[in-house]
Every structure is written in structure tokens, then in C-alpha cells.
Amino acid sequence: MRLSGRFWPTLRDAPADAEAVSHKLMVRAGLVRQLASGLYSFLPFGLRSVHRVTAVIREEMDRIGAQEFQLPVMHPAEIWEATGRYGLDEQFRLEDRGGRAMVLGMTHEEIITWHAAREIRSYRDLPQSWYQFQTKLRDEPRPKSGILRVREFTMKDSYSLDADEAGLARSYEAHAEAYARIFDRCGLEWYMVESDVGMMGGMGAHEFMAPSPAGEDTIARAPSGAYAANVELATSVAVDPDFGPTPASAEAFATPGIGTIDELAVFTGLPAGRLCKSVVVVSDDGPVLALVRGAHALHEKKLSHVVGRHRPAQPDEIRAWFGAGPGSLGPVGVEGVRIVADATIATGHYVTGANRDGEHLRGVVLGRDFDAELADIRTVLAGEGCPVSGEPLELEPVIEIGNIFKLGTKYSDPLGATYLAADGQERSIVMGSYGIGPARVLAAAIEQSHDDAGIVWPKALAPFDVHIVLVGEAASPQAAFADALYAQLSDAGLAVLLDDRDGTKPGEKFVEAELLGCPIRLTIGKRTLPDGPLEVQVRRGRERNDVPLHGAAAAIVALLGQVR
RNA sequence: CGGGACGUGGCGCAGCCUGGUAGCGCACCGGCUUUGGGUGCCGGGGGUCGCCGGUUCGAAUCCGGCCGUCCCGACCA
């Protein structure tokens, strides 16, 4: 592409409200513009990169035998009612002119399953893998970080249909391998981690995570790679404090004005791990007292797996149930309240609230002084033991770029997607679903690969392979040479951008080229002719790699093959 | 949904506290200059100061309400 006359708006400054590096650079480099909160337009150069990721994804999906569909974005509400997913908070809902309830799709399990229910009849029709690139709409409570968390975005979503769980396992594995190839080809650093099934429901899930400080998720990971999981479900071997001898009985003591774990630790001189944190929530079935060590944080999502939906308790509710304020709560002598303790509480003896203001108990022992259900409800801390290898776990912020779910029959049952097995029995199709956010892949690549001058695109994602900066006027010999080289490189199959703008200063061209970040930049000016060499800059590291004029095109093709 | 901040030409910002009718840099247009790292000089165009209402002789500035955007938390395939 010749740049002159084309639309490529770059910015010297990033918008004031951009925070994430990828957000700033995508806007500055003229790839995207914001329409409203969580709504972004891709501009021509940004769209070129989108096309490149989607091409990689499409190739790898096709390679595992998946077939491409295109499903509607707007759906009748009844299908979502059938699976119990109508009315979710983040679901956009509307009515057609006849008053019929419609939804805008946040994902397409229901629609795929609806089609499968109509078309798949026999085990001979299975397995199938169906995919699409389609717009998803989600009324996010808080769009953020540029393109990382938005209300409308394109997703590659695929769905596997199998006769049984063994088949699902094969489809799942095929997708995991395809995803590995996709993210490798895109030049990303990534991990596959165990993940929570969330609103998808189902039997198991993994997420593909690109490490980045801009990430919204956190994973716990053993340095050897023996274990990696989203902290939403990560487990660990906790480090026990030195409890000393266990007292024969619990004993009350005065703690005037003490309300927090920090204050209690200072007051008692004990490490936070020997204190017991008491958190009161209200579930659909009534009040719940959740207990974790003072050094630990309660994980809401893990608690949800035990007690279901819940909300924090109000101070007046707490006083009614416990007879004390939030600063002096504990499990001893409590009646009519469900008590869930983190598994670590089963070891040792603790200081807890006495359920009398300004008073605590020491030497409190689970099983002797109170009873509780045991569960994993704490957030893993960095340095705690890996459940597989025992290594100290590391916590790392990550961007979720893909996920894979074993759905089982969660959707096929309610929507009647069944087939006739070889034995003549009617069975439900066993399903999986698999997502990738192409725009997130781009943002993650930029987060992981940039420098002070701008984006450093992995070659698979760059809008162009080669960016030629022409220093010289339109009628000059340099321009003629640039034209010739442009034609040769294009003929060799490369995507080439020729900055042939007249009246744009060389300095500006260089700065903009580095902002955009294509893998190779060529500079053609007076120094180039007649004898060369041709000045070549590899964007990653900004190294010079000059080549002789003779055979320059072939040398550049070869060089491109070597860069990441 | 809770907490915080911001909203002034396309972008980045000052002015607001202490009311007197809008300014700077970049970008843009014209001229000259310059042609290997956002060139230099000269001259221009462009803003109902987010919206509505109130106070006042007078509001970008003070007060109230609303809207928008961002950040932290909650939430989130």
C-alpha cells in the first residue's frame, strides 16, 4: 500500500483517559478510536492486524476439522429462557415491533445447540466442530483498559458435538492443541491454566492467559510449570505459623477498641496467621459465618461454590445474629448461623472474637470449641506451596485471551439436542465450547511487545511486513528505486507499506514508522543510491541490518523469516 | 452497585479558588524556508467552556440537578 492519500491518523499524545499501554499505543498508532464507553471502532490499519489474527485462527480451526458458520447476533428470548440464561445482568435485551422479547447474543451455545437439535440425528453425524467469528454484546458493569474489556467485541467461538465424554475429551484436546499453535504463531507468551466454569456451567475448563501487568485476572503458577491455575480456584499448601502448645480450653480476654485483624495482631503480638478472621455474609438460605486465618483473604467465588449466591451482611443484621459488632465476631457459641471454615482452620488454635464487643477468645480449637463445615474458601498467597510439586507458588497478572470448556449436556438437555446411538438408545449430545478474543490477542501482543518508540509487532500480527520510508521527492531517482523495490517485495508475497508522502518530513516518517511497529523498516534516500547499501532496521531492538542493493528483495524476505 | 477524579477548538493542557465575556503547545490552512529523526519563521481559520436550571448588572469561574468518560473496588466465558 502506498501511504499518500490514505487515512492513517496518528497522535503525538495519548488520550488523557488511556491507562493501559496497549490502549495508548493502539490509539496513537491510528489502529482504533473510541465511540463510547466500551465501544471501539477499528481503523483501516488496525483492521489489517485483526485480519491477520483471524487468518491464523481460521487456519488452525480448519486444521482440526472445524467448519465455519455465521450465526445471528439477535436471538429470540425463548431460546435463552429454555436454558435458564434469560435475564442475566450483562445481557442486552430488547423487543421487536411486535413486542416479542429478543436478546443480543453474549455467546452462542444456545443457538448452536438449537441447530444441532434439528440437524443431528445419528451417532453417524458425530463428532462435529463448528465455529464462527461473530460480534458478542455484553452490558459490562465496567468497561476498561481500552480494548481489553468492552461491551461489543468479536469472538471466535467454536462448539464441539460428541456422542460421549470420551469424544468430548478428544475434541477438547484438539482445541487445546490448536490454541497452543495459534498463540505460538501470534508470538505471545502464554499459559494454559485451570479455570472456574463460571456462567458457562459444565464439567471442566481451562483458560489461555497472556502474562501482562494490564491483566485483570491473576494466576497462581509453579515456576517449573507443574501447576497453573486461575486464583479463582487455585489451591496451595498453606504455611502454618508456629502455634506452640494448644491450651486446654479457650479463654476470654479484653480487647478494648480493637476492630481489625491488623490491630488485633499488634495488640496480641501474634502473627496474623494465628488469628481467625470472621466474615458474615447472607446467602439465599440465611446467614453464613465464613472463617479464614487472619493472614488469608476470603475468596468470594470459592465461597459461592459452598453457599451459593450471597451478599455482605449489614451491621444491624450482624448485631442481631451475634450480639456484637463486626470487630468482635467468632464462631464459639453461635446458633442459627451456618459456619464455613477454610480447611487451614482445622490446624492449630486461634484468637477469635468472643461475640461480645471489646472481647476476644484465645486458644479456640475447631471441633472442641465449635463446629464448622470445612472447605477451600481462601485466596492463595504467593510463596505458599504448589499442590503438585511443593514449590513456592508465584502469582502473576494475566490477560485472558482464550478459554475452553467442557459443557457436557448442560445445553443439549434443555434444548433437546439428542441423537440415536448405535444401540438404538436416544442420548444427549455431549458438548464443549471454545473462545478466543482476536482483539485481546492484539492488545496482549502489544502489552508484551513494545518500547518507548511504540509497538513492536510480532510478525504474524503486524499490519504490514515491511515499512518503506522514502526520503526524497516524488520524481526523484530514490522514488523510482522505492517503487521498484515495493513491487518486488509485494510480488514476493509480503505486505508492504510505502511511505511516499510528499511534504512529510523524514523525521516524522521515522517516528510514525516506529510507532506503528512493523517488523522491518527500509529507508531509501540519497545515501541509498547509486551504490547502497540499503538501510534496513529490524523493529525489535531497532538494530541496523543493511543489505547490498543487488538482491535486496531476496535478502529482506530472508531476514523477515528470521525475525519473531 | 460503592468510592474517587475529570469534562475548556482535532489531541494534550492552563484559566476556575479570588465572577468582568477565553489562552498556550501540537495538529490544521496560506506563504517562505527546509529535505535523513515530529524543520524554522511569518500570517491565518477553528471553541454556545458537557447539558439544564439557579445566584448575579455580568458565570468557563459560584450553587443545584442531570449526562458523559476514566480510575479503584464489587462484578465478569
Side-chain angles (χ1 to χ4, degrees), chain A residues 9-20 23-24 27-28 30 33-39 85 88-91 105-109 136 138-146 148-151 153 155-159 195-202 204-209 214-217 230 232 281 297-301 304 309-312 400-407 410-411 432-437 440 453-454 469-474 476 478-479 499 501-515 521-528 535 537 542:
Chain A
T10 62
L11 257 29
R12 201 184 280 254
D13 300 304
D17 50 21
E19 196 75 16
H23 184 195
K24 291 178 181 171
V27 173
R28 286 224 294 137
R33 287 293 184 264
Q34 183 178 23
L35 172 67
S37 180
L39 298 174
R85 296 212 295 177
L88 296 178
D89 286 343
E90 55 272 48
Q91 187 171 56
M106 10 196 314
T107 176
H108 282 83
E109 279 78 11
K136 312 293 179 191
R138 295 182 189 178
D139 197 359
E140 289 289 344
R142 190 186 157 203
K144 58 177 289 200
S145 303
L148 281 176
R149 178 162 216 78
V150 288
R151 294 192 291 178
F153 60 99
M155 177 178 233
K156 187 290 297 177
D157 47 321
S158 44
Y159 306 88
S195 73
D196 193 53
V197 294
M199 77 171 179
M200 302 300 313
H206 289 84
E207 289 165 323
F208 290 78
M209 302 296 212
E216 303 181 71
D217 288 297
N230 194 311
E232 291 175 357
V281 302
L298 176 68
H299 197 290
E300 299 288 338
K301 207 157 200 168
S304 293
R309 198 173 53 168
H310 60 276
R311 60 165 174 86
E400 181 188 350
I401 49 177
N403 52 41
I404 57 178
F405 290 90
K406 288 185 179 176
L407 299 175
K410 178 179 161 74
Y411 296 91
S433 87
Y434 315 89
I436 292 179
R440 277 194 176 184
V469 172
L470 169 61
V471 183
E473 289 162 5
S476 63
Q478 298 89 270
D499 190 347
R501 291 174 295 178
D502 251 344
T504 302
K505 299 288 91 186
E508 189 170 348
K509 291 187 176 184
F510 291 132
V511 168
E512 289 189 338
E514 285 171 358
L515 216 207
R521 187 188 81 196
L522 309 179
T523 305
I524 296 172
K526 281 181 179 156
R527 295 178 198 166
T528 315
E535 183 179 326
Q537 185 208 55
R542 292 204 262 179

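These numbers come from the heavy atoms of this one structure, side chains and all, not from hydrogens, waters or symmetry mates. All values reported here derive from a predicted model rather than from experimental measurement.
- Between the side chain of A/R440 and the backbone N or O of A/L148, at least one donor-acceptor pair lies under 3.5 Å.
- Closest approach to the A/V511 side chain among B/C71, B/G37, B/C76 is made by B/G37 (side chain taken as heavy atoms from C-beta onward).
- Here B/C75 presents its P atom at 16 Å from CG of A/L88, a figure rounded to the nearest Å.
- Within 4.0 Å (heavy atoms only), A/A36 reaches sugar-phosphate atoms of the nucleic acid but no base atom.
- Comparing B/A14 with B/G50, their P atoms sit 14 Å apart, to the nearest whole Å.
- Look at CG on A/L11: it is 13 Å from C1' on B/G38, rounded to the nearest Å.
- Pairing for B/G30 is with B/C42, a Watson-Crick or G-U wobble pair whose two hydrogen-bonding atom distances lie under 3.5 Å.
- Comparing B/G36, B/A74, B/G38 against the side chain of A/P506 picks out B/G36 as the nearest.
- Interatomic distance, A/E473 CD to A/Q478 CD, rounded to the nearest 0.5 Å: 9.0 Å.
- The residue A/E400 sits close only to the backbone: its heavy atoms come under 4.0 Å of sugar-phosphate atoms, none of a base.
- For A/E535 and B/G36, a side-chain-to-base donor-acceptor distance below 3.5 Å is present, hydrogens and geometry of angles not being considered.
- Here the side chain of A/E19 is nearest to one of B/C75, B/G38, B/C71, namely B/C71.
- At whole-Å resolution of the value, CD in A/Q537 and C1' in B/G37 are 11 Å apart.
- No contact: A/Y434 has no heavy atom under 4.0 Å from any strand.
- Pair assignment for B/G25: B/C11, on the basis of Watson-Crick or G-U wobble contacts that are both within less than 3.5 Å.
- Listed pair A/K144 / B/U69 fails the phosphate criterion, with no side-chain N or O lying under 4.0 Å from OP1 or OP2.
- As rounded to whole Å, 17 Å separates atom P of B/G36 from atom CD of A/E514.
- Between B/A27 and A/R12, a contact under 4.0 Å exists linking OP1 or OP2 to a side-chain N or O.
- Comparing B/G54 with B/G47, their C1' atoms sit 25 Å apart, to the nearest whole Å.
- Across all strands shown, A/A14 has heavy atoms under 4.0 Å from sugar-phosphate atoms exclusively, and none from any base.
- Distance from the side chain of A/T10 is smallest to B/G38 among B/C76, B/G36, B/G38.
- Pair assignment for B/G37 gives none, since no Watson-Crick or G-U wobble pairing has each distance under 3.5 Å.
- Listed nucleotides: B/G38, B/G37, B/G36. Nearest to the side chain of A/R521: B/G37.
- A/S476 comes within contact range of no nucleotide atom at all, as no heavy-atom separation falls under 4.0 Å.
- Contact annotation: A/Q34 side-chain N/O to B/C70 OP1/OP2 distance is under 4.0 Å.
- Contact annotation: A/R142 reaches the phosphate of B/C72 (side-chain N/O to OP1 or OP2, under 4.0 Å).
- At whole-Å resolution of the value, CG in A/D196 and P in B/C75 are 12 Å apart.
- The side chain of A/K505 approaches B/U35 more closely than any other nucleotide in the set B/C75, B/U35, B/C71.
- The side chain of A/P141 has B/C75 as its nearest neighbour among B/U35, B/U69, B/C75.
- Atom P of nucleotide B/G73 and atom CD of A/E300 are separated by 14 Å, given to the nearest angstrom.
- Using a 4.5 Å cut-off on side-chain heavy atoms (C-beta onward), A/Q537 and A/E514 make contact.
- No engagement by A/G435 is indicated, since no non-hydrogen atom pair under 4.0 Å with the nucleic acid exists.
- In this structure, A/P15 reaches the sugar-phosphate backbone alone: every heavy-atom distance under 4.0 Å involves primed, P, OP1 or OP2 atoms, never a base.
- Each of A/R12, A/R501, A/R28 was compared with A/E512 under the salt bridge (Lys or Arg N to Asp or Glu O under 4.0 Å) criterion, and only A/R501 meets it.
- Comparing B/G12, B/G36, B/C76 against the side chain of A/R149 picks out B/C76 as the nearest.
- Proximity of a side-chain donor or acceptor of A/E140 to a complementary backbone N or O of A/R142 within less than 3.5 Å is not detected.
- Atom CD of A/E473 and atom P of B/U35 are 10 Å apart (whole Å).
- As the counterpart of B/G68, B/C6 is assigned, both hydrogen-bonding distances of the Watson-Crick or G-U wobble pattern falling under 3.5 Å.
- Nucleotide B/G73 has B/C1 as its partner under the Watson-Crick or G-U criteria, with both atom distances under 3.5 Å.
- A/S37 has a side-chain polar atom (N or O) that falls below the 4.0 Å cut-off from OP1 or OP2 of B/C70.
- Salt-bridge formation is not detected for the pair A/E109/A/K410: no Lys NZ or Arg NE/NH1/NH2 atom is positioned less than 4.0 Å from an Asp or Glu carboxylate oxygen.
- Between the P atoms of B/G23 and B/G4, the separation comes to 36 Å (whole Å).
- Distances were taken from every side-chain heavy atom of A/V471 (C-beta onward) to each of B/G36, B/C71, B/C11; the shortest belongs to B/G36.
- Between A/T523 and A/R440, the one whose closest nucleotide on RNA chain B sits nearer the 5' end is A/T523.
- With a cut-off of 3.5 Å on both pairing distances, B/A60 has no Watson-Crick or G-U wobble partner at all.
- Both A/A16 and A/R28 lie near RNA chain B, and the one whose nearest nucleotide falls closer to the 5' end is A/A16.
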Derivation and outcome, side-chain contact (heavy atoms from CB on, under 4.5 Å), residues A/V469 and A/R521: CA-CA 7 Å; A/V469 172; A/R521 187 188 81 196; 3.9 Å; yes

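- Of the possible donor and acceptor atoms, one in the side chain of A/R33 sits under 3.5 Å from a partner among the backbone N and O of A/V27.
- Atom CD in A/Q91 sits about 16 Å away from atom C1' in B/C75, given to the nearest Å.
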